[in-house]
Amino acid sequence: MFSLPNLLVLAAVYRGPLKITVEQVDAPQIDEGEVLIRVRAVGVCPTDVKIYKRGSNSVRSPIVLGHEVSGEVVESKDPAFQVGTRVNVAADAPCLTCSNCRRGLENICTSMLSIGMNVDGAYAEMMRVPREFLDRGLVLPLPDEVSWEEGALIEPVAVSLHALSLVRPRSQDLVVVVGDGPNALIHVKLLKGVFGVRKLVVVGMKDHRLRAAMDFGADRVIRVNELENESNSLLNEGVDVLDLTVSNRESVAEAMSLMTSGTRMVIFGGATLDVPLHVSANKVHYGQLTLTGSTGTTVNEYREAHRLLSGRKVDLRGLVSHRFSLSEVKKALEFAESQEGLKSVVIP
Ligand SMILES: [Zn+2]
Ligand SMILES: [Zn+2]
């Protein structure tokens with residue numbers, strides 16, 4: 001019988017901006033209550049691209065990035081998980097005891113265990129799943145009919161659900177999604193398929209992504225450079241929800257110009273260079289505006305995302321447009337940044 005701990009496996013090791021090498025490392029060892037998975041698909045997340053390009057203070061180094069993961073249990077020290085089980089693993093495990101967690105803000109836990117940030121992630125053949133993830137119900141089985149790629153999309157669905165829930169989209173609402181990246185396309189599916197909003201407009205830059213937004217259920221798409229001509233009709237109709245999936249200087253300015261009475265705005269995408277918001281207190285007061293940000297997700301929303309995706313209540317087949325091998329991780333990250341294609345995955 002071979003013993004896994006002596007096995008060498010391939011992993012893409014990150015050592016700082018632009019430094020990723022695919023190398024042979026010892027297979028991760030697991031403790032009681034943990035499982036080891038053979039990674040089958042990893043979604044390339046904009047966060048990975050940011051870390052790869054510019055680094056991040058919240059990332060330990062060296063580390064293996066990649067937190068949108070599906071895989072197969074190959075070793076188990078948790079009786080609830082048999083070898084061979086197909087699973088998705090959440091990206092983050094909150095401590096549930098810090099002051100944020102106690103206030104119901106477990107998505108911004110101050111002692112978060114985060115895969116690909118302070119726990120080795122999934123751009124690797126094998127990944128250890130720490131006990132905290134298993135104890136908190138953050139590892140869930142995938143039905144056979146859900147592909148590895150689809151399974152890896154549960155995490156972006158969960159963070160999207162969190163953001164959208166904060167602005168409570170209603171069936172009569174006009175919603176404007178700013179941005180046309182893979183997360184924006186997931187928002188389109190959720191806004192139409194789960195929240196059932198009346199009218200959904202996507203503002204973006206890339207024709208192929210705007211076409212995909214229409215395929216995914218958007219009622220209208222507007223190219224950024226045509227927004228000025230269209231904004232009056234949107235303002236007259238009244239934008240109920242503004243969903244910023246990107247928050248660079250231009251997109252923030254565009255979004256602010258669409259705020260009208262009663263608009264509820266959520267900032268979902270983080271800004272690489274921070275952008276100040278200019279809005280008058282009276283506009284917020286007399287216009288009854290809501291502004292919120294969103295990051296991460298909660299345990300319940302993760303479980304809800306798993307339910308929606310594994311029952312195909314949110315059908316994301318068609319979102320993954322490009323696939324890369326583990327040795328092509330850098331290429332995959334560069335490709336995701338280029339905004340070609342839709343969603344990329346790495347198949348280790
Ligand atoms: Zn992600
Ligand atoms: Zn906490």
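Indexing begins at 1, ligand by ligand and atom by atom, following the structure's order.
- Each of K50, K330, K53, K331 was checked for a salt bridge (charged side-chain N to carboxylate O under 4.0 Å, His left out) with E337, and the lone residue meeting it is K53.
- Heavy-atom minimum distance, K283 versus M259: NZ-O, 3.5 Å.
- Closest of all the heavy-atom pairs between A213 and V188 is O-CG1, 3.9 Å.
- The aromatic rings of H322 and F324 lie parallel to each other, with less than 30° between the two planes, well short of the 60° mark.
- Angle subtended at the Zn ion (ligand 2) by C109 SG and C101 SG: 110°, rounded to 10 degrees.
- When distances to the Zn ion (ligand 1) are checked against a cut-off of 2.8 Å, E68 contributes an N, O or S atom below that limit.
- Rounded to 10°, the angle formed at the Zn ion (ligand 1) by SG of C45 and NE2 of H67 is 100°.
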